[in-house]
Amino acid sequence: MSERSVVIAGTGQVCPVAEDNRSIAEMVLEAVESALSDAGIDHNDIDSVVTASVDIIDGLTASNIAVTEVVGAVMKPETRIAADGLCAAIHAACQIWSGAYDTVLVVAHAKTSMAPFQDLMQWAMDPIYLQPLGVDFLTCAGLQAQLIAAGDPGAERRWAEIAARRINAVSDNLSLTEDDILSSPILASPLRRDMCAPMGDSACAVVLRADTDNKDGRPRISGIGHDLEPHGLGDRDLRSWSGLKRASNRAYTMAGIDDPATAFEVVEPSCLYPHEEQLFLAAAGLDEKANLSLSGGLFSGHAPIVAGLSRLATASKAIEGIDGKALAHGTWGPAGQGQAVIILEGAGA
Amino acid sequence: MIREEKIQIPFNFAAGTSGSRFLTALRDSQVILGAKCNVCTHVTVPLKSFCPSCCSDDLAEMELPAKGRLISWTDCPGRGAFALIQLGDKGPILLHRLIIPPSVMLSELNPGMPVTAHFSDSPKGHISDLQGFVISEK
């Protein structure tokens, strides 16, 4: 690995809400100002910007034009990634490792309240064979969950228990039970409404910086990996996330991690449904003892594209000042087609 | 303030050489075409010009049976049911609509159940010329 370390110098998140009345640019402004303030820098210190957004969610082609000014990209190199924000962070880290830039701002946004999300996601499916049938991401998740549940009669109750735990972790005022989750309506069998992370509007910004001596003690990126599976559900084995297995193995090799099950203080996956936690643990080589989504993960509100970058920001804050490792995960596409992993290493107190 | 809009733009998606051949076979002969990769042996449906597993363009076209078995399914209230269907023994898997007769309960579905393709009476060279797969009645 390069001797040039990449550290998470600052983070800023707009907490997901069901409907944020501000414009996309205003939401991004809050996240960027917060990240720059956390890093103790301003726009003049940023060499390059990497944004993550998806046109169809914004109802706008070249969706980065909505945020060009507010991310400070005017007269600067800007790259837009149309995938999860964690991929944008990987791209930004590579820009720094290559020596091209020293300080890179990574920004992701999604305002899902603007249109029926699953209707939009039909447009992310194959236009000849799947769009006309009305297949969306939720349909694909239901097919994957059912495949895993077959022959496992305890799966639904176990998933309901996981969903209840995540929802209860988000709010002190909630104490849902498995039965509460199992009494919510079916959306795409066997997935019920309360097994699905609620959609939200959100933005997240992360400042990555080259650091040779890491004098600030910020967590550094010690491993990266991303991977894609085929688009068609029939062309892959939906019983596992093999893309995540390859992505995490690349990241573990780079970070020098031999035993992932005991490696991490904090694990922040982008799981929208409890069956995805099961897929995540198996593919990432983790077990039930992993410190997973302790603050509820995406059950606090799922803004696609933002999700992975927000996991990175949350994981980074969790190990700031401690001598421990964290894993952040992002996914995009139907049934976990795209997968990305970043490993962070704390610098100690 | 919110500006309300409904995005509606005419659009022409190209099915491509293989896709057109697949849709033509569906329309004219009620035949489902797939392919087997001569390099990695991956089987796929619908017919493609390249292997989704190894990227090879050396594929052998296959006529697939109109009967298969249920691999997975999902019921989406208000939107109908969808399924992954394996066409033939060790054949490729197709995602399509699942047609559940009134006599069959959702809870009675099991992996491996036999299903049969149901074709449209007025085909037009569209994926819906195959209307879905019907669960065999008890």
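What you are looking at is a predicted structure, and each value in this text was computed from that prediction instead of being measured. Letters A, B, ... are given to chains in the order of the sequence lines, protein chains preceding strands, and every chain is numbered from 1.
Both the backbone and the side chain of B:Thr44 come within less than 4.5 Å of a heavy atom of chain A. At a 4.5 Å heavy-atom cutoff, the contact between B:Pro77 and chain A is made by backbone and side-chain atoms alike. Neither the backbone nor the side chain of A:Leu191 has a heavy atom closer than 4.5 Å to any heavy atom of chain B. When heavy atoms are compared at a cutoff of 4.5 Å, B:Leu23 approaches chain A solely by way of its side chain, counted from C-beta outward. For B:Leu84, the parts lying under 4.5 angstrom from a heavy atom of chain A are both the backbone and the side chain. Neither the backbone nor the side chain of A:Glu229 comes within less than 4.5 Å of any heavy atom of chain B. In this structure, no portion of A:Ile148 lies under 4.5 Å from any heavy atom of chain B.
B:Thr74 contributes no side-chain N or O that, together with a main-chain N or O of A:Thr139, makes up a donor-acceptor pair within less than 3.5 Å.
Rounding to the nearest 0.5 Å places CD1 of B:Ile93 at 8.0 Å from CG of A:Leu147. Between atom CG of residue B:Leu95 and atom CE of residue A:Met125 there is a gap of 6.5 Å, rounded to the nearest 0.5 Å. Distance check: A:Leu133 CG to B:His126 NE2 gives 8.0 Å after rounding to the nearest 0.5 Å. In this structure, CD1 on B:Ile2 lies 6.5 Å from CG on A:Asn21, to the nearest 0.5 angstrom. One finds the CG atom of A:Leu143 at 9.5 Å from the CG atom of B:Leu98 (value rounded to the nearest 0.5 Å).
Residue B:Glu63 qualifies as open at atom CD: its count of foreign heavy atoms under 6.0 Å is 12 or below. By the 6.0 Å contact criterion, CZ on B:Arg21 is open, its count of non-hydrogen atoms from other residues, nucleotides or ligands being 12 or less. Other residues, nucleotides and ligands contribute at most 12 non-hydrogen atoms within 6.0 Å of the CZ atom of A:Arg239.
Contact record, B:Ser72 with A:Gln146: OG-CB, 3.3 Å, taken as the closest heavy-atom pair.
At least one side-chain heavy atom of A:Asp235 sits under 4.5 Å from a side-chain heavy atom of B:Lys48.
Looking only at heavy-atom pairs under 4.5 Å with chain B, the residue among A:Leu238, A:Leu187, A:Leu233, A:Leu138 that has the most is A:Leu187. In terms of heavy-atom pairs under 4.5 angstrom with chain B, the leader among A:Ala150, A:Pro190, A:Gly134 is A:Gly134. The most heavy-atom pairs under 4.5 Å with chain A, out of B:Phe13, B:Trp73, B:Phe82, come from B:Trp73. Heavy-atom pairs under 4.5 Å with chain A were tallied for B:Gly19, B:Pro46, B:Ala14, B:Ala83; the largest tally goes to B:Pro46.
Ring planes of B:Phe22 and A:Tyr129: perpendicular class, angle over 60° (limits at 30 and 60°).
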